[in-house]
Amino acid sequence: MYSGNQITKAGKNLANMELMLKDKDRLHSAMDVLSYFRSIHVDTLNAAFIYLQDTTLEKDKSAIFARRLKRHISIVRKLIRFQGMKLNNMQDIGGARAILSNEKKLYQVARQLKKSPVFRNQHGKLRYKDYIKKPKDDGYRSYHLIGEFSDSGKGTRKIEIQLRTRIQHYWATALEIIDLFTNQALKSNQGDEAWKEFFIHVSEQFAVMDEIHLFDKLSNAEQIDQYKRSLEGDKQMKLSRSIVLKHCRKLQVLKKLDAFAKSLKIIDTKLIEAQQETGYVLLKIDLKKQEVSSKFFNSVDSKLAEDEYIEKEKLAIFDKGLSTVALVATSAVGDIREAYPNYFADSTKFLEHLNIITS
């Protein structure tokens, strides 16, 4: 167990990663503190996840769910990006996500969630961000709420709830795939300007599709027709579409995403797709070997899963070939490829919707 001061100090050390990489013992020590801080969010994350599932399924039976503790490297990058941020004040260490059929159902769930006092601060003010009505500068669209959930009677922790439509999820997935394979940080609004502009305008075009009633239920021909009608008379959206087309050609987006998907050999496919037990899966994406490997842990082995994940995350900082390590939990392991397609370079759904724009 570590004190609040020790957690704050570890966060400050990790924010100075250049120095940390020269002192491996100090880095390992700070990472151990970080691992402890992540671990004390497990109970609250599980409570938030159950609450999100129960609330969402009343409105959308086909919703997809995922939960995760923020990856060590993602926490470190955030501390570096926001110098002065205290680790023990970070509100998104634990995150639960619902991916919904459409915006209408998303806002129904959001309204229901906001009725709960867990999403209000001590002054009674709701803690939420609507990145759909007001997207982030990089084009990111989603609905976020910060809730304070109980920790098995020991206290409370803040957990971030994310609500996305499927189309918004396809966009976010593709951006993360490009980040992973091109070694950029578009997710943090850093990277090649052409890629940044491409994703900003794709986000605008996907938002048009999201506003079309039951868009994903239409045939491909009907989708193209309805999308085309939505652009009629809107000069700004037509210009946005032309920018997407320009960057598609310039960046060879279709070719690259297809190549990324084909380059990864999925190890333990049966484990990922057939296993239906509740538990945890440790994923390792290695771009040197061009493979994704996985290891399944039952729910009762959560501590064992976390310990193995911590050791692999430490190695990932020093080994540039080991691109990504992630420990993900889901109600059925078969959902992982749908909830986390970025870890399998699966941009199929993104490309289907991008093809509507290019058509």
Side-chain angles (χ1 to χ4, degrees), residues 1-49 66-83 85-97 148-152 154-160 279-286 293-320 322-330 336 340 343:
M1 183 177 287
Y2 297 93
S3 68
N5 286 336
Q6 287 174 305
I7 293 168
T8 298
K9 184 179 178 181
K12 286 182 179 178
N13 285 337
L14 290 168
N16 191 351
M17 186 50 69
E18 193 173 322
L19 178 63
M20 289 282 96
L21 290 173
K22 296 175 182 177
D23 188 344
K24 292 187 178 182
D25 289 339
R26 195 173 171 189
L27 173 60
H28 281 290
S29 177
M31 288 287 283
D32 286 340
V33 177
L34 174 56
S35 299
Y36 162 78
F37 185 59
R38 287 175 76 258
S39 70
I40 61 177
H41 286 77
V42 170
D43 288 344
T44 45
L45 175 56
N46 290 338
F49 185 71
R67 66 189 187 273
R68 60 96 183 103
L69 291 172
K70 200 174 185 74
R71 291 171 52 232
H72 289 75
I73 195 66
S74 298
I75 296 171
V76 171
R77 285 172 180 165
K78 190 167 185 177
L79 290 169
I80 293 170
R81 200 162 73 250
F82 300 103
Q83 291 289 326
M85 174 180 281
K86 290 186 177 181
L87 175 58
N88 51 356
N89 288 342
M90 204 175 283
Q91 298 185 123
D92 61 345
I93 297 295
R97 177 185 299 154
E148 198 147 342
F149 294 86
S150 61
D151 183 11
S152 301
K154 301 172 186 175
T156 59
R157 295 281 167 191
K158 291 184 177 69
I159 299 295
E160 182 182 72
Y280 300 86
V281 170
L282 181 62
L283 294 170
K284 186 175 82 172
I285 298 93
D286 191 329
S293 58
S294 60
K295 186 174 180 179
F296 176 75
F297 297 85
N298 287 306
S299 295
V300 293
D301 296 323
S302 60
K303 180 66 169 62
L304 188 64
E306 180 69 17
D307 289 345
E308 189 165 332
Y309 165 68
I310 290 164
E311 292 308 309
K312 290 191 184 299
E313 271 276 52
K314 287 177 182 176
L315 292 172
I317 291 175
F318 301 106
D319 183 0
K320 292 181 180 179
L322 185 62
S323 300
T324 302
V325 180
L327 182 65
V328 297
T330 185
I336 286 182
Y340 300 97
Y343 292 137

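Remember, predicted model here, so these are calculated numbers, not experimental data.
- Counting only heavy atoms from C-beta outward, the side chains of K70 and E160 never approach each other to under 4.5 Å.
- Taking the six-membered ring where tryptophan is involved, the planes of H41 and F37 are perpendicular, since the angle between them exceeds 60° and thus also 30°.
- Pairing each heavy atom of Y343 with each of L283, the nearest pair is CD1-CD1, 3.7 Å.
- The structure places CD of E308 at 9.5 Å from CD of E311, a figure rounded to the nearest 0.5 Å.
- The nearest pair of heavy atoms linking I7 to N88 is CG2-CB, 3.8 Å.
- Between the CZ atom in R67 and the CG atom in L45 there is a gap of 6.5 Å [rounded to 0.5 Å].
- Using a 4.5 Å heavy-atom cutoff, the side chains of R68 and R97 are not in contact.
- Put simply, the side chain of I159 does not reach to within 4.5 Å of the side chain of F49, judged on heavy atoms.
- Using a distance-only test at 3.5 Å, with no hydrogens or angles considered, a donor-acceptor pair links the side chain of S35 to the main chain of M31.
- The OH atom of Y309 lies 8.5 Å from the CG atom of L282; values are rounded to the nearest 0.5 Å.
- Distance check: I75 CD1 to M90 CE gives 6.0 Å after rounding to the nearest 0.5 Å.
- Other residues, nucleotides and ligands contribute over 12 non-hydrogen atoms within 6.0 Å of the NZ atom of K78.
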Test side chain to side chain contact (heavy atoms under 4.5 Å, CB included) applied to T156 and T44, step by step: CA-CA 7 Å; T156 59; T44 45; 5.7 Å; no
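- Smallest separation of non-hydrogen atoms from H72 and L34: CD2-CD2, 3.7 Å.
- Taking OH from Y2 and NZ from K9, the interatomic distance works out to 12.5 Å, rounded to the nearest 0.5 Å.
- Side-chain atoms of R71 come within 3.5 Å of backbone atoms of V325 as a donor-acceptor pair (strictly under, hydrogens ignored).
- Atom-to-atom distance recorded for L27:CG and L14:CG is 6.5 Å, nearest 0.5 angstrom.
- Scanning both residues, S150 and A47, for their nearest heavy atoms gives O-CB, 4.4 Å.
- A donor-acceptor pair is defined here as one N or O able to donate and one able to accept, closer than 3.5 Å; such a pair exists between the side chain of S39 and the backbone of Y36.
- A heavy-atom distance below 4.5 Å is not found between the side chains of R157 and I93.
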